[in-house]
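What follows is a short report on a single structure.
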Amino acid sequence: MSAVRPADPDRLWSTLQTMAALSEPGPGVTRLAYTPLEREAHDRFAEWMATAGCTIAVDPAGNTVATRPGRAAGPATGTGSHLDSVYHGGRFDGIAGTMAAVEVARLLHEAGAETALPLRFVAFAGEEGARFGQACCGSKLAAGLSSRAELDARRDRDGVSLAAAMAAVGLDPDAAARAAWDPAEWSAFVELHVEQGAVLERAKLDVGVVDLISGSTRIELTVTGQASHTGGTPMPGRSDALAAAAEAVLLAEQVALDPRHRGTRATVGRLSVLPGSITTIPGQATFSLDVRDVDADRQRQSAAEIVTRMRAACLRRGTRLDARLLADTSAVVLPDWVRTEVTAAATELGLRYRVLTSGASHDAQMVNRLVPTAMIFVPSRHGLSHVPEEWTEPAQLAAGADLLLAALLRLDARAAAAATLENAGGAR
Ligand code: GLV
Ligand code: MN
Ligand code: MN
């Protein structure tokens, strides 16, 4: 056994670029949840991990789990993130964490290093809510938080259910709904991710350590008006579904900007219009609303207020508004003791860090229901994410991977000490 080397920025970068090449054509990276491309990314992850000495398992939800044995069997310390992307996303969201996991496995393998207990490296399936509305599908299943009925109910924009999409890539949705992981097999988990905000960049910091992950309420709204001829129909008395939707979009922004809702983010990211003709007044407009907050009460109050005010505006315009809840997740407070191990590791490595909240959703918020979890953020250039311009420098990724490795080793040592104490207690 030799000393474990620091992360190799060039190797980490080239692994990440190999992953980025797995994309639908078009701007940025498009590798949607539960598609053949996402499964190809999981296969690649599995190959790399097998070469680094891990044994590979794919759970029924499609999460790929690579296990590196420890000196003894026992609860594992884990890390990982996701491999799917949004439509026209970037190269780093999810990938930074899974590729950092690959780098950590490689470094340990090269050094012939031993940990006391097993390490597990996970690529979660279907984290992005972009396709099915719900974020973190794979980790939610792993945490035992999804039912079989939910897999049928969630649909993508073409009407394909999550269950059907899973079956189409060879997964078994019946088994997935029954395949919660056993918490006894885990001691702690750390997800590395890009920040997707500009706090670290502005403060010129190396890494962030997350204390709180925002929740999200997602709603599909449909405005129904009366389609008719754009030339023959006078302006007064129209029931223009798109004009009503336009007012509704601005109302969402207005409510979120109101100081009473400070910290709430409300976004309409998708809108479609029927019949979608230059010469017909829109008869129907369907759009999404995503309300995020670190305060679960304020998140739901904001969402309710937005929908109430939208409904009134639509009525005033002679249209009707129907609302359908797509997904609803509360903010999650991550446990202090795992975070403290990560910040201690950052201090040891001389990394400049701060503790910050996450505006985005992450697998960590589901995994934390099962095993105490921490999150490491690496900087995002200009805070941009979910766009092709997403960027993190190779050295910043490598610093994150170094911290991840150090944190995993600390957590492994802590788990081993706890196991020893338990055994001693049992022997008395
Ligand atoms: C996941 O990236 C999210 O939408 O927060
Ligand atoms: Mn992500
Ligand atoms: Mn994302």
Side-chain angles (χ1 to χ4, degrees), residues 16 19-20 23 28-35 38 41-42 45 63 79-101 122-140 142 154 156 189-197 208 210 212-219 263-270 288-294 296 299 326-332 334 356-368 373-380 383-392 397 400 404:
L16 189 138
M19 203 43 103
S23 172
V29 174
T30 301
R31 189 172 51 244
L32 298 180
Y34 294 107
T35 57
E38 188 203 28
H42 277 253
F45 173 81
N63 303 309
T79 185
S81 192
H82 60 99
L83 291 171
D84 61 322
S85 81
V86 298
Y87 297 92
H88 302 166
R91 280 175 276 177
F92 300 84
D93 177 356
I95 308 308
T98 36
M99 297 308 101
V122 185
F124 290 104
E127 188 271 354
E128 296 290 359
R131 182 172 180 196
F132 292 104
Q134 171 69 51
C136 310
C137 295
S139 50
K140 194 173 175 210
R154 298 204 180 285
D156 70 6
F189 196 92
V190 185
E191 178 176 4
L192 180 145
H193 203 279
V194 288
E195 182 197 338
Q196 309 181 284
V210 177
L212 184 57
I213 303 177
S214 289
S216 160
T217 299
R218 294 176 190 166
I219 300 171
T264 305
R265 286 90 65 203
T267 311
V268 174
R270 190 161 79 190
S288 62
L289 173 69
D290 183 9
V291 182
R292 307 220 192 189
D293 211 309
V294 289
Q299 176 182 311
L326 295 175
D328 188 47
T329 311
S330 295
V332 168
L334 296 176
L356 75 184
T357 59
S358 169
S361 310
H362 296 291
D363 290 309
Q365 73 197 84
M366 299 297 171
V367 177
N368 186 57
T373 296
M375 277 200 88
I376 296 169
F377 275 173
V378 291
S380 294
L384 291 173
S385 186
H386 280 187
V387 288
E389 298 94 308
E390 200 174 74
W391 188 263
T392 302
L397 287 168
L404 179 63

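Read the numbers this way: they start at 1 and go in the same order the structure lists the ligands and their atoms.
Taking the six-membered ring for Trp and thresholds of 30 and 60 degrees, F189 and F124 have ring planes inclined between 30 and 60 degrees apart.
Of all N, O or S atoms in E128, the one lying closest to the Mn ion (ligand 3) is OE2. Nearest N/O/S atom of H193 relative to the Mn ion (ligand 2): this is NE2. The Mn ion (ligand 2) is closest to atom OD1 of D93 (considering only N, O or S atoms).
Salt bridge R31/D84: absent, no basic N to carboxylate O contact under 4.0 Å.
Using a cut-off of 2.8 Å, one finds that H82 contributes no N/O/S atom close to the Mn ion (ligand 3). Under 2.8 Å from the Mn ion (ligand 2) lies no N/O/S atom of H362, from backbone or side chain alike.
If you number the atoms of ligand 1 from 1 as listed, the ones under 4.0 Å from a heavy atom of A360 come out as 5 (O). The distance from ligand 1 to the heavy atoms of E127 drops below 4.0 Å at these ligand atoms: 1 (C), 2 (O).
F377 has its ring centre less than 6.0 Å from the ring centre of H362.
Screening D293, T217, T329 against Q299 for a side-chain hydrogen bond (donor to acceptor under 3.5 Å, both in side chains) leaves a single residue, T217.
The closest heavy-atom contact to atom 4 (O) of ligand 1, among the options R292, Q365, E128, comes from R292.
Of the heavy atoms in H386, only side-chain atoms (C-beta onward) come closer than 4.0 Å to ligand 1.
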